[in-house]
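Please read the structure below before turning to the comments.
Numbers for residues simply follow the sequence, beginning at 1.
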Amino acid sequence: MRELTYNPLQTTLASYQQLPRELKRLETGTVPHPPLHLAVVMPLRDDWTSAAELIRRLDSAISCDAWTIEILLVDDASVESYDHNDFQTSFSSVRAIRRLRLRRNLGHQRAIAIGLVYVQQTTGCDAVIVMDADGEDTPDGVAQLLRAYCDTHGEKAIFAARSRRSESLQFRCFYFLYKFVHRCLTGMNVRVGNFSILPSAYLNTFAVMNELWNHYAAAIFRSKLPFTMVPIPRGTRIAGTSRMNFVALVSHGLSAISVFGDVVGVRLLIASLAASLVAGLGIILVVMTKFLTNWAIPGWATYATGTLVIIMIQLITIATSFTFFVLSNRTNLGFVPLRDYSLFVEEAVELYSAVEIYSHE
């Protein structure tokens, strides 16, 4: 009979391997983050290959933490089919992957709005991550957002401020122009995109904000909820090419500005009144010079006066229009995500469930 021997070193190693991941990190001197149940909202249109690979990378990036994830793929009326097997990987942290199919193409921002309200209505979670499905929002960036979120004890939204951009020079030039216009019209700098993590309690506010229907990040600014930013570089697409064109970019910028419609209206009202005042002073100056002085008045002064009168009338008309615009927006409720989001949802399909996988083992 073979004699059994006791090896203290092997016993210690075996016991260590059975320790929970949190206790291992305590032994190595790393303070563990509290376990979180996360919901990830990914709007996409036909980027199925990128989404499947991104989910695998995301699962690998946070597998060392005691966090669980539910993925919501907001399918913005894709026309390309997907391979169900691409989402059947054996995940460590991902517990479910769902596809929320929309009845029509609504665009990136409105897909995010519907996804957030759907999570608020159906998913119990501690925090919500919003990220693109094409790979430009990276798993390493998610890890940075989560660290910052835990450092604030889950009391603030955390946004990724792009520390490095990978777009062309032409795009960066137009983006700089957009930031300048946005600053002039709203008084706020453009600093963030959609890549972020939110406390789940924020969803109760977003569910009734009609601004969310136009632009997600701008709605955060408008809500006055606390948030902070961390510098995170933008990644590159995993597969395919971007479908964002110049028209879509302009529309995206206008959507962000529209969230601050009343602020823009008041600023333009003040600017138009100031310009009409300058035009009125110009008219008075020409008339006083004509009748109260002996100075020679050139022949074009009459035409200049007539032009200034026309400009002043137009500016006063514009100011009046902006006044009514601002007042009408104060009483117009518009689209309420909580009330209206279900109109655009065609179906919700579960692509992966950890419970089902375990039940077959």
Side-chain angles (χ1 to χ4, degrees), residues 19-42 55 57-72 91-96 112-113 115-132 137-163 188-189 191-209 211-212 215-235 337-338:
L19 284 173
R21 286 175 291 186
E22 295 85 354
L23 294 180
K24 291 180 184 179
R25 289 200 300 275
L26 281 174
E27 288 189 353
T28 58
T30 303
V31 178
H33 296 305
L36 297 174
H37 180 60
L38 305 169
V40 179
V41 175
M42 291 185 183
I55 293 172
R57 295 181 185 180
L58 178 60
D59 181 78
S60 177
I62 66 172
S63 60
C64 61
D65 294 289
W67 293 328
T68 56
I69 302 176
E70 291 187 40
I71 306 289
L72 179 66
F91 296 107
S92 298
S93 300
V94 175
R95 291 293 176 262
I112 290 175
L116 289 176
V117 179
Y118 181 85
V119 168
Q120 190 263 348
Q121 290 290 291
T122 63
T123 306
C125 59
D126 299 306
V128 182
I129 297 172
V130 178
M131 62 187 303
D132 291 340
D137 297 336
T138 63
D140 290 338
V142 171
Q144 290 180 256
L145 290 177
L146 286 169
R147 285 194 294 269
Y149 180 80
C150 291
D151 291 341
T152 61
H153 308 290
E155 296 177 353
K156 293 182 179 180
I158 312 295
F159 274 80
R162 295 308 186 187
S163 58
M188 297 182 180
N189 290 321
R191 293 170 288 176
V192 299
N194 301 319
F195 193 21
S196 59
I197 180 171
L198 309 172
S200 59
Y202 280 26
L203 299 182
N204 295 326
T205 299
F206 286 152
V208 294
M209 286 187 64
E211 294 90 346
L212 183 65
H215 199 278
Y216 161 66
I220 282 280
F221 285 85
R222 193 58 192 261
S223 68
K224 304 295 179 65
L225 294 170
F227 71 93
T228 188
M229 295 173 289
V230 294
I232 298 176
R234 182 184 291 275
L338 180 61

Task: Heavy-atom pair with the smallest gap, counting every atom of Pro231 and Gln144 - done: O-NE2, 3.7 Å
Open item on the list: So which atom in Ala219 and which in Met209 form the shortest heavy-atom distance, rounded to 0.1 Å?
Closed with: O-CE, 3.4 Å
TODO: Compare all side-chain heavy atoms of Tyr118 with those of Val41 and state whether any distance is below 4.5 angstrom.
DONE: no
Task: Closest contact, heavy atoms only, Ala160 versus Ile232 - done: CB-CD1, 3.9 Å
- [ ] Determine the minimum heavy-atom distance between Arg57 and Pro139, stating which atoms define it.
- [x] CB-CG, 3.6 Å
- [ ] Measure across Phe195 and Leu145 and return the closest heavy-atom pair with its distance rounded to 0.1 Å.
- [x] CE1-CD1, 3.6 Å
- [ ] Measure the shortest side-chain to side-chain distance between Tyr202 and Leu116 over non-hydrogen atoms and say whether it is less than 4.5 angstrom.
- [x] no
- [ ] Would you mind reporting whether Ile55 and Met42 have side-chain heavy atoms less than 4.5 Å apart?
- [x] yes
TODO: Look up atom CZ in Phe227 and atom OG1 in Thr152, then write down how far apart they are to the nearest 0.5 Å.
DONE: 13.0 Å
TODO: Return the minimal non-hydrogen interatomic distance between Pro337 and Val117, and the atom names on each side.
DONE: CB-CG2, 3.4 Å
Task: Nearest-0.5 Å distance, CG of residue Asn194 to CZ of residue Phe159 - done: 8.0 Å
- [ ] Measure the shortest side-chain to side-chain distance between Val119 and Glu70 over non-hydrogen atoms and say whether it is less than 4.5 angstrom.
- [x] no
Task: Test log, rule side-chain hydrogen bond (donor to acceptor under 3.5 Å, both in side chains), inputs Tyr216 and Ser196 - done: CA-CA 10 Å; Tyr216 161 66; Ser196 59; 2.6 Å; yes
- [ ] Report the distance from atom CD of Glu211 to atom CZ of Phe221, rounding to the nearest 0.5 Å.
- [x] 14.0 Å
- [ ] Could you point out which residue of Ile129, Val94, Leu38 forms a side-chain contact (heavy atoms from CB on, under 4.5 Å) with Ile71?
- [x] Val94
Open item on the list: Using a 3.5 Å distance criterion without hydrogens, assess whether the side chain of Ser223 forms a donor-acceptor pair with backbone atoms of Leu225.
Closed with: yes
- [ ] Output the distance between atom CG (Leu203) and atom CG (Leu338), rounded to the nearest 0.5 Å.
- [x] 11.0 Å
Task: Tyr149 side chain near Leu198 side chain, heavy-atom distance below 4.5 Å - done: no
Open item on the list: When you compare the side chain of Leu36 with that of Cys150, does any pair of heavy atoms fall below 4.5 Å?
Closed with: yes
TODO: Taking the side chain as every heavy atom from C-beta outward, state whether Phe206 and Ile220 have any atom pair closer than 4.5 Å.
DONE: yes
TODO: Examine distances only and state if a side-chain atom of Asp132 and a backbone atom of Asp137 form a donor-acceptor pair shorter than 3.5 Å.
DONE: no
Open item on the list: Show, in sequence, the C-alpha distance, side-chain angles and deciding distance for Ile158 and Val230, and conclude whether the side-chain contact (heavy atoms from CB on, under 4.5 Å) test is met.
Closed with: CA-CA 7 Å; Ile158 312 295; Val230 294; 4.0 Å; yes
Task: Straight-line distance of Asp59 CG to Thr68 OG1, nearest 0.5 Å - done: 11.0 Å
